Amino acid sequence: MDASATAELTSRFQARFGRPPEALTRAPGRVELLGNHTDYNLGLIMALAVDKTVRLAAAPRADREVQFVSTAFPETAHFSLDRIEPDPAVPWADYAKGILRLLQERGARLGGFDLLLDSSIPLGGGLSSSAAMLVGTALTVRKLYPYRLTSDGVGTAPARGARGVLPPLDAAEKMILAHVCQAAENHFVGVKCGLLDYIVSLFGRAAQVVLIDCLNLSVDWTPLAADMAVVICHSGVKHALVAGEYNERRALCEAAAAALGVRALRFVNPADLEAGRAKLTDRQYGCALHVVGENDRVERGADLLRRGDLASFGELLRQSHESSRLHFLNSCPELDVLVELAWSHPACIGARLTGGGFGGATLNLVRPAAVEDFRRHMAEGYARRCQRPLESWACQVVNGAN
Ligand code: ADP
Ligand code: MG
């Protein structure tokens, strides 16, 4: 965490709780760069950890009480570690409660604490504020009450090094933590989400793309060219029935894989798909075409980034959006307008919808010198064509949570 953010968070914690914090943590939001709806098809994804961040400050208490404060909400969540229940009066705290409960169920020996959370990640803005909150809470608590996650529980807690600092999580433990966070969001909060968001928040690297293979959950990195800035544009639209649309697409992908005789669309390449087309309904084919195409684009995209061929990489983003629009049918008029507007700006390298679709946000790669002009152009065009205000964020690509 940079010095000014640390000082500000520390003084806010001090003002709220009357003592200094003993643990400080940051956890970044994330955005999908390429690889749309590939996760549950065991495919490939490129994502970025961005500098929209959750920051947390905490200090232990002698009892088993937790006071959890977020600067985004007026009410304090106050509960005992021995009675962790969802509370409809403070629903946002269910995320923190879920991870605390699961950590304890695995055997982590936690004690009470006071915690202040301050976040620059827009809630529901497509940057995964919920994942950053979960990851950040888990790492903050680890600093107060060290635990070591193993595949089936917890092992001997790590020893503090010089100045009381804990060793960071290794890759295997990060992956286990990602699973625990996912379980918290799935079971305690009741949102069915993939692993991706937690993986990126934990495994992100400054100025690098995180490449995730959802088949074996391996993670790799490749540099993002320096002369590319990331701008997220939020449509402000969330279409009704998103969950239903998502489930329907997922079922279509699964049915397509079954009809093609494979476990998941990951095992289908573009040639196989054409060869097996007659076995699929039109909608199954459209969905499979998108997913198979996305996997192929991620593979080719990684290669293009390594070679520094930005123009061709941007072209893959264009194809990705077109595939969403025409084949997977998870775009919407507002997202199409945003992507069209982006491409009409001379500094645009690439633009596409990002995340689930049916509303939400677009991802744009832009020449850095033109970022502010690009954002103005987008806001103006969006207001003119959709009569809606546009929220947009210029993002740096940053390290994962620590
Ligand atoms: P996103 O795409 O941003 O993850 P979600 O709907 O999954 O959107 O998660 C948003 C929810 O996460 C919020 O409604 C809230 O419950 C929780 N959350 C996110 N950021 C904060 C915050 N700063 N303070 C408290 N709760 C937060
Ligand atoms: Mg979320």
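Just follow the structure's listing: the first ligand is 1, and inside any ligand the first atom is 1. Keep in mind that this is a model prediction, so the values were computed, not measured.
Heavy atoms of Ala132 stay at 4.0 angstrom or farther from ligand 1.
Relative orientation of the His37 and Phe358 rings is perpendicular, given thresholds of 30° and 60° on the angle between their planes.
In this comparison of Ser130, Gly136, Ala131, the heavy atom closest to atom 5 (P) of ligand 1 sits on Ser130. When the heavy-atom distances from atom 8 (O) of ligand 1 to Ala93, Gly124, Gly355 are ranked, the shortest goes to Gly124.
At a 4.0 Å heavy-atom cut-off, ligand 1 does not touch Asp118 at all. Counting heavy atoms closer than 4.0 Å to ligand 1, residue Pro122 contributes backbone atoms (N, CA, C, O) but none from C-beta onward.
For residues 393-402, every residue pair satisfying the side chain to side chain donor-acceptor pair (under 3.5 Å) rule, not counting sequence neighbours, is listed here: Arg26-Asn402.
Taking every non-hydrogen atom of Leu117 and a distance limit under 4.0 Å, the qualifying atoms of ligand 1 come out as 22 (C), 23 (N), 24 (N). Within ligand 1, the atoms closer than 4.0 Å to a non-hydrogen atom of Phe73 are 24 (N), 25 (C), 26 (N), numbered from 1 in the order shown. Close approach of ligand 1 to Ser70 (heavy-atom distance below 4.0 Å) involves ligand atoms 22 (C), 23 (N), 24 (N), 25 (C).
Ser130 lies close to the Mg ion (ligand 2), since one of its N, O or S atoms is found at a distance under 2.8 Å.
Considering only residues two or more places apart in sequence or on other chains, Ser129 meets the side chain to side chain contact (heavy atoms under 4.5 Å, CB included) condition with Ile121, Leu123.
In this structure, His234 contributes its side chain and Leu390 its backbone to no donor-acceptor pair below 3.5 Å.
Electrostatic pairing of Glu315 and Arg300 does not count as a salt bridge here, judged by no charged N lying under 4.0 Å from a carboxylate O. Using a cut-off of 4.0 Å between Lys/Arg side-chain N and Asp/Glu carboxylate O, Glu8 and Arg12 are scored as salt-bridged. Look at Arg385 and Glu340 and you find a salt bridge, because one of the NZ, NE, NH1 or NH2 atoms lies within 4.0 Å of a carboxylate O, short of that distance.
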